[in-house]
Amino acid sequence: MKIVIVGGVAGGATAAARIRRLDEKAEIVVFERSGYISYANCGLPYYIGGTIEDEGDLTLQTPESFYKRFRVGMNVYHEVTAIHPEKKTVTVKNLQNGEVFEESYDKLILSPGAKPVKPKFEGIDSDKIFTLRTVEDTLKIKKHIDENHPKSAVIVGGGFIGIEVAENLSELGIDVTLVEAADQLMAPFDRDMASFIHSEVRKNGVNLMLGRFVEGFANSEDGIDIKLKNSPTLHADMVVMAIGVAPETALAKDAGLELGIKGSIVVNDRMETSVPDIYAVGDAVQVKNFVTDENALISLAGPANKQGRIAADNICGIESRYGGSQGSSVIKIFDMTAASTGINEKTAKSVGISCDKVILSPMSHAGYYPGGKVMTMKVLFEKDTFRLLGAQIVGFDGVDKRIDVIATAIRAGLKAYKLSELDLAYAPPYSSAKDPVNMAGFIIENIKNGIVKQWYYEDTESLQKDDNVTRLDTRTPAEYSRGHVEGFINIPVDELRERISELDSSKPVYVICQSGLRSYIATRILTGNGFDCYNFAGGFRFYDAVYNDKALNKKSTPCGMDN
């Protein structure tokens with residue numbers, strides 16, 4: 001059996017290695033148009049910034065090492081220009097000498113990946129504008145920086161690549177401005193949780209411009225001008241475009257394969273395309289969102305690797321199916337870690353899922369052990385069924401551990417309140433006896449059992465206008481004096497029993513504290529005395545972060561734009 005694979009890196013190289021492990025006799029031929037067959041594309045920004053010092057560390061396998069280990073023909077600088085399903089051949093061009101030839105196949109795997117989105121703006125072809133997707137892109141940016149020593153840079157786009165490049169350029173001493181058309185960075189996060197990301201980016205000296213639309217570019221003698229809609233023109237020494245990627249599917253389209261959203265390749269759960277004996281994997285394929293069962297494009301290395309393995313299994317006669325992607329991801333943002341899995345609140349609403357949420361601020365490990373740091377967790381679940389939908393966590397230690405636990409719980413179909421039952425490892429340097437994931441489960445369990453009712457940040461404005469409710473802050477007077485929600489009276493939780501007569505028992509009481517714990521205790525005291533109580537999800541720490549971020553964003557938004 002002869003298998004031809006178009007494209008290497010995560011999906012294609014994984015498929016090639018898996019096929020060889022399953023079939024020692026198979027003939028495997030890989031064509032890759034770049035000069036690198038298997039590289040750490042997620043590490044590219046860190047080479048630019050100098051965290052990864054050796055260029056060779058970016059290359060996971062060379063054509064020579066791959067052939068030596070797996071006896072797979074790895075052909076770099078070879079571009080497949082056409083697929084001929086009726087003949088079961090592909091047309092290939094050798095990019096080094098111009099030779100064109102046809103290669104036959106029994107099975108074909110497409111792993112073309114995705115290309116950076118580069119809108120047809122005026123001046124977009126300037127040699128001062130860069131994209132980052134391949135090793136060649138990385139080397140080009142690194143060379144430009146080493147030779148020209150830019151003092152300023154504009155990054156267009158606030159996703160994974162945009163933030164990572166902004167961080168790495170900033171750490172080189174370059175003055176960085178990050179421009180994003182949306183009102184937040186990192187689309188997998190809800191706007192409230194993104195507030196913490198914005199704060200970390202600003203704290204580290206990056207000029208953050210949200211809600212700004214780039215309209216074009218113009219070279220000047222000393223750099224490049226970036227033209228913005230309804231905003232003054234920016235000037236910088238260089239620009240990195242990082243506004244997303246699009247499936248690289250021209251080959252598939254010309255060959256008559258069925259295409260899906262944004263031109264992606266439609267595959268079934270065996271990674272088979274609409275044409276017999278042709279498979280597709282990676283960033284170019286349409287998948288099912290594991291949580292919503294909606295069609296989706298999820299460009300992440302983990303899914304691409306799994307899909308390459310599944311295609312290989314099916315080619316070699318092993319029944320293997322892809323169950324969908326849930327978008328689990330993590331990113332380093334200067335000293336902060338931000339991670340998400342499943343869907344966010346915005347997505348749940350858009351697909352008609354009735355969801356609820358808990359927001360908590362636990363310590364990364366036992367409070368009495370030195371060095372613990374607060375993280376903020378938002379866990380989403382479906383009302384009535386308590387099906388886990390997703391989670392977002394931002395913090396400094398232990399974030400990746402908790403998001404992986406919740407990602408596993410989602411995949412296993414665990415009910416949200418069952419997080420309370422997970423038996424998780426504990427020692428003071430690593431966790432608390434009640435792990436943050438357990439704590440989320442306890443809160444959800446209390447909601448399920450009617451012990452807790454919540455109110456949320458988005459309820460604040462209407463509550464402040466309602467004279468038929470009591471608004472109560474249960475922190476200490478010192479905490480209250482340093483900042484509080486307008487219209488909330490202050491009775492510390494430890495004085496509440498003695499001062500309960502100050503409250504009108506005929507009115508619902510909306511309670512807040514710093515993290516949500518003291519206000520929860522206050523609701524139990526009040527409920528036990530006949531009050532109707534609601535606890536604020538997230539605490540004043542969360543409220544303050546969201547409120548201040550929105551105020552900063554509104555202040556910096558150009559006139560005529562709506563956030």
Side-chain angles (χ1 to χ4, degrees), residues 193 195-197 199-200 203 328 330-341 357-381 388 390-410 412 414 416-447 449 451-452 454 474-476 478-479 482 492-494 511-525 535-545:
M193 293 295 287
S195 298
F196 295 93
I197 297 173
S199 177
E200 183 70 11
K203 185 180 79 174
S328 300
V330 64
I331 182 174
K332 174 184 176 292
I333 306 169
F334 293 96
D335 294 327
M336 176 179 277
T337 300
S340 68
T341 187
K357 60 195 172 188
V358 295
I359 301 166
L360 58 158
S361 301
M363 294 288 286
S364 57
H365 61 239
Y368 59 83
Y369 188 89
K373 296 181 179 178
V374 175
M375 67 178 75
T376 304
M377 300 176 61
K378 180 176 184 178
V379 180
L380 300 172
F381 55 95
L388 267 172
Q392 301 152 54
I393 311 177
V394 292
F396 298 91
D397 289 328
V399 169
D400 52 341
K401 169 183 175 178
R402 275 71 189 207
I403 207 70
D404 283 344
V405 171
I406 297 174
T408 303
I410 291 173
L414 210 65
Y417 54 83
K418 290 290 186 179
L419 295 175
S420 64
E421 298 180 8
L422 294 179
D423 194 346
L424 303 174
Y426 159 62
Y430 304 105
S431 184
S432 300
K434 292 184 283 193
D435 187 87
V437 175
N438 294 138
M439 291 301 302
F442 292 145
I443 299 171
I444 297 168
E445 188 176 56
N446 281 340
I447 292 170
N449 294 332
I451 295 172
V452 169
Q454 297 188 112
T474 59
R475 296 175 298 157
T476 65
E479 289 174 297
R482 289 194 293 267
V493 65
D494 292 338
V511 193
I512 192 170
C513 73
Q514 188 67 16
S515 68
L517 176 58
R518 283 173 289 174
S519 53
Y520 163 62
I521 294 169
T523 64
R524 297 313 304 150
I525 293 170
N535 192 26
F536 181 72
F540 183 78
R541 174 182 173 274
F542 178 80
Y543 172 90
D544 197 43

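Heads up: numbering here begins at 1 and tracks the sequence. This one's a predicted model, so the numbers in the text were calculated from it and none came from an experiment.
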Closest heavy-atom pair and its distance - M363, P436: O-CG, 3.7 Å

Shortest non-hydrogen contact from K357 toward L380: CB-CD2, 3.5 Å

side-chain contact (heavy atoms from CB on, under 4.5 Å) involving M439 - partner list, sequence neighbours excluded: L360, K434, F442

Distance, nearest 0.5 Å, that separates CZ of R524 from CD1 of I451: 6.0 Å

Expected output: side-chain D435 to main-chain V437 donor-acceptor under 3.5 Å: yes

Sequence-distant partners of A425, side-chain contact (heavy atoms from CB on, under 4.5 Å), two or more places apart: none

Results of ring-ring contact (aromatic ring centres under 6.0 Å, His included) for F542 - residues two or more places apart only: none

Between CZ on residue F196 and NZ on residue K378, distance to nearest 0.5 Å: 10.5 Å

Which residues share a ring-ring contact (aromatic ring centres under 6.0 Å, His included) with Y520, sequence neighbours left out: none

Note, M377 side chain near I406 side chain (heavy atom, < 4.5 Å): yes

For Y430, all residues meeting ring-ring contact (aromatic ring centres under 6.0 Å, His included), sequence neighbours excluded: none

By side-chain hydrogen bond (donor to acceptor under 3.5 Å, both in side chains) - contacts of S361 (at least two apart): R541

Qualifying residues under side-chain contact (heavy atoms from CB on, under 4.5 Å), relative to A339, sequence neighbours excluded: V330, V399, I403

Closest approach of V394 to A338 (non-hydrogen atoms, all atoms of both residues): CG1-CB, 3.8 Å

Residue among I447, I359, T523 satisfying side-chain contact (heavy atoms from CB on, under 4.5 Å) with Q454: I447

Minimal non-hydrogen separation, H365 against P370, with atom names: NE2-O, 3.2 Å

CD-NZ distance between E445 and K418, expressed to the nearest 0.5 angstrom: 8.5 Å

Qualifying residues under side-chain hydrogen bond (donor to acceptor under 3.5 Å, both in side chains), relative to N438, sequence neighbours excluded: none

side-chain hydrogen bond (donor to acceptor under 3.5 Å, both in side chains) partner of S328, the single match among T408, T341, D404: T341

Residues that D397 engages under side-chain contact (heavy atoms from CB on, under 4.5 Å), provided they are two or more places apart: S364, K373

Distance-minimising heavy-atom pair for S431 and R402: OG-NH2, 3.2 Å

Partners meeting salt bridge (Lys or Arg N to Asp or Glu O under 4.0 Å) with E479 (sequence neighbours left out): R518

Atom pair CZ/CE of F396 and M375 - distance to nearest 0.5 Å: 11.0 Å

Atom of L388, atom of A409 and distance for their closest heavy-atom approach: CD1-CB, 3.7 Å

Partners meeting ring-ring contact (aromatic ring centres under 6.0 Å, His included) with F381 (sequence neighbours left out): F386

Heavy-atom side-chain proximity of L422 to L414 below 4.5 angstrom: yes

D544 side chain to F540 backbone, donor-acceptor under 3.5 Å: no

Side chains of T476 and R482, donor plus acceptor under 3.5 Å: no

Residues forming a side-chain hydrogen bond (donor to acceptor under 3.5 Å, both in side chains) with N535, sequence neighbours excluded: S519

Over 12 foreign heavy atoms within 6.0 Å of CG, D423: no

OH (Y369) with more than 12 external heavy atoms under 6.0 Å: no

